[in-house]
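Report on the structure given below.
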Amino acid sequence: MAKNGKKEVASFKVKAGLAQMLKGGVIMDVVTAEHARIAEEAGAVAVMALERVPADIRAHGGVARMSDPGLIEQIMAAVSIPVMAKVRIGHFVEAQILEALGVDYVDESEVLTPADEAHHINKHDFKIPFVCGCRNLGEALRRIGEGAAMIRTKGEAGTGDVVEAVRHARSVLGEIRRLENMRDEELMAYAKDIQAPYELVKETKELGRLPVVNFAAGGLATPADAALMMQLGVDGVFVGSGIFKSGDPAKRAAAIVKATTHYNNPEILAEVSRNLGEPMVGRQISDMPEEQKIAGRGW
Amino acid sequence: MKIGVLALQGDFAEHLAVLRRLGVEAVEVRLPGELDGLDGLIIPGGESTTIGKLAMAYGLMEPLRAFGKEKPVWGTCAGAIFLSKDARRDQPLLGLMDITVQRNAFGRQVDSFEVGLDIPALARVSKKNPPFYAVFIRAPLIESVDAPGAETLAKLDDGAIVAAQQGRLLATSFHPELNDDDRFHQYFLTLVDG
């Protein structure tokens, strides 16, 4: 604990605290400073600085890596809200570079091509906080055990199909509800079963929620998608390709922000969903070959 | 006593949890009509640009100003910015408090910090009044307290102002809602009671 008058930086409380300030908000993928300004103007709580949105990463193929620091810096200079950027799973040097740039949050992301097929980054080593993806409670708690200060359910990025985001959020939140009903002597066996640290399983049971903030991501494209995820019980949403691959990004972005705040108010949801222009084209996940799915990346 | 927490965006759930722990009826406020019947209001931490835009979009600016002229309002971090009359930037502000704030005054997230603060005013709710453990996240600074009726409640060692009060209006750069220490909330409730 900080002594009187002496500042303590980079504590877990401060790292997880920034995610708490983002709650009830929308984090938007942007690829240019101009996009970042549109996102901020629409009411985004943060932007994710990328060279290509996930839909284009899919279309482009090849190895997807951390974005050019020059681009990230342009985006940081363009807005007053927090700026996040992605690194490849396990690529701790990309994370060191983002820390040196002063990015506000690092996303160790399955959207990029993994750099390590067994290990994630030891996130405790860093002053900047990390957000990581998960598909279930065990994966979420493994990432928190490694030092993640924020979690997002993965969904299937770049598809515009919300089905996987729903599956992963239901999985995490449903498992927590079942955990709350377990007796204490069942927790060790459960921790072993879901391959999660025992202490974090115990803490999650006591809190009745993940020990850190949990957003939804991967395939959200409409205000209704955002409100759906909020009603399922996540703390906020990431929207990637869904905004800047749509017909009218500024209008759609503002509508998704409003829908995330008023997620329980169908009249407002109806009003903001009106006349938004073309949504992103999208790609149905049930037709997608297994090898094209990216949510399976992460261990 | 019934306290509202502005729930447009940010860590409103954390404020609601502290208020409920203190046995106070606490409700979420997203639309103007939800201010009716409240005895006080907390504006939480979050992104001040987002909170301001949503307040504009749903006709909350004037109702919030009218509320703050009659009843206690406390803003933490983004909420403090929203209460101020000047944030040195073009964004929607309530202008209820005669303070000038500087957003992200300490730098980016890597510069966020925790520190123990001496806050003499908290003696009102805590006899021993040990240091208050304060969490600063991409925090604003209160550059100046600009009216005779407004006072400074807390400073950092370097003299930077991080908490101010003007009548029954409170602004803190930091987040008492992230601690288990409920003294700042208790202090706000004395303003509601008084």
Side-chain angles (χ1 to χ4, degrees), chain A residues 1-27 40-46 76 79-84 98-106 126-129 149 209 213 235-236 254 257-258 260-265 268 272, chain B residues 6-14 28 30-31 44-58 76-79 81 87 89-91 103-104 106-118 130-139 155-158 174-175 177-179:
Chain A
M1 191 196 263
K3 294 259 163 39
N4 195 19
K6 186 151 187 285
K7 286 183 187 177
E8 186 190 348
V9 296
S11 64
F12 192 75
K13 182 157 213 146
V14 158
K15 291 176 177 179
L18 177 56
Q20 286 173 280
M21 299 313 137
L22 303 176
K23 287 187 350 180
V26 184
I27 300 169
E40 183 177 47
E41 188 53 36
V45 289
M76 287 166 66
V79 293
S80 68
I81 55 179
V83 175
M84 302 183 165
L98 292 187
E99 180 167 272
L101 291 180
V103 161
D104 295 296
Y105 239 95
V106 175
F126 289 81
K127 279 164 60 181
I128 36 172
R209 56 157 295 136
V213 165
D235 296 317
V257 168
K258 289 172 180 168
T260 303
T261 291
H262 297 286
Y263 67 93
N264 256 333
N265 189 324
I268 290 182
V272 302
Chain B
L6 194 66
L8 296 172
Q9 188 273 319
D11 71 337
F12 51 87
E14 283 79 350
E28 296 175 4
R30 290 186 178 81
L31 294 169
E47 279 307 313
S48 63
T49 50
T50 304
I51 293 171
K53 281 172 205 308
L54 286 162
M56 294 274 280
Y58 290 94
T76 58
C77 194
I81 297 168
R89 195 173 174 283
D90 183 26
Q91 66 179 73
R103 286 185 61 198
N104 303 332
F106 301 93
R108 301 194 73 94
Q109 172 60 15
V110 287
D111 307 302
S112 292
F113 62 96
E114 304 175 62
V115 71
L117 291 176
D118 282 318
F132 190 89
Y133 187 49
V135 183
F136 291 80
I137 296 170
R138 286 174 45 100
K155 285 183 184 178
L156 296 178
D157 274 359
D158 61 8
F174 49 93
H175 295 281
E177 72 277 15
L178 296 186
N179 291 346

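Each chain gets a letter, A, B and so on, in the order the sequences are listed, and its residues count up from 1.
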Problem set entry | side-chain contact (heavy atoms from CB on, under 4.5 Å) assessment of A/Lys7 paired with B/Glu114 | CA-CA 6 Å; A/Lys7 286 183 187 177; B/Glu114 304 175 62; over 6 Å; no

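Heavy atoms closer than 4.5 Å to chain A are found in both the backbone and the side chain of B/Leu178. Looking at B/Leu156, the atoms closer than 4.5 Å to chain A (heavy atoms on both sides) all sit in the side chain, from C-beta outward. Heavy atoms closer than 4.5 Å to chain A are found nowhere in B/Phe174, neither backbone nor side chain. For a residue to count as touching a neighbouring chain, one of its non-hydrogen atoms must lie under 4.5 Å from one of that chain's; by this rule B/Ala7 touches chain A with the backbone only. Residue A/Val272 touches chain B through its side chain alone, counting heavy-atom pairs closer than 4.5 Å. No part of B/Gln91 comes within reach of chain A, as not one of its non-hydrogen atoms sits under 4.5 angstrom from that chain. Contact of A/Val26 with chain B is not made at all, since no heavy-atom distance falls under 4.5 Å. Contact annotation for A/Asn265: only side-chain heavy atoms (C-beta onward) come within less than 4.5 Å of a heavy atom of chain B.
Interface check for chain B: of the options A/Glu40, A/Met21, A/Lys13, A/Glu99, the most heavy-atom pairs under 4.5 Å are formed by A/Met21. In terms of heavy-atom pairs under 4.5 Å with chain A, the best-connected choice from B/Asn104, B/Asp11, B/Asp111 is B/Asp11.
The heavy-atom pair separating A/Ala44 from B/Thr50 by the smallest distance is O-OG1, 3.2 Å. Taking each heavy atom of B/Val110 and A/Val9 in turn, the nearest pair found is O-CB, 4.3 Å. Across B/Gln109 and A/Lys15, no two heavy atoms sit closer than the pair NE2-CA, 3.8 Å. In terms of heavy-atom proximity, B/Arg138 sits nearest to A/Leu18 at CD-CD1, 3.9 Å. When every heavy atom of A/Ile268 is checked against every heavy atom of B/Tyr58, the shortest pair comes out as CG2-OH, 3.3 Å. When all heavy atoms are compared, the tightest approach of B/Lys53 to A/Glu41 is CD-O, 3.1 Å.
The existence of a salt bridge linking A/Asp104 and B/Arg108 is confirmed by a sub-4.0 Å separation between a basic side-chain nitrogen and an acidic carboxylate oxygen.
In this structure, the side chains of B/Leu54 and A/Lys258 come closer than 4.5 Å at one or more pairs of heavy atoms.
Summarising the geometry, atom CD belonging to B/Gln9 is positioned 7.0 Å from atom CG belonging to A/Leu22; distances are rounded to the nearest 0.5 Å. Taking CD of A/Glu8 as the reference point, atom OG of B/Ser112 lies at 12.5 Å (rounded to 0.5 Å). Note: A/Gln20 CD to B/His175 NE2 = 9.0 Å, rounded to the nearest 0.5 Å.
Applying the 6.0 Å contact sphere to CG of B/Asp158 captures more than 12 heavy atoms from other residues, nucleotides or ligands.
Distance alone, capped at 3.5 Å, places no donor-acceptor pair between the A/Lys23 side chain and the B/Phe12 backbone.
Checked by atom type, the side-chain pair A/Thr261/B/Arg30 shows no donor-acceptor distance below 3.5 Å.
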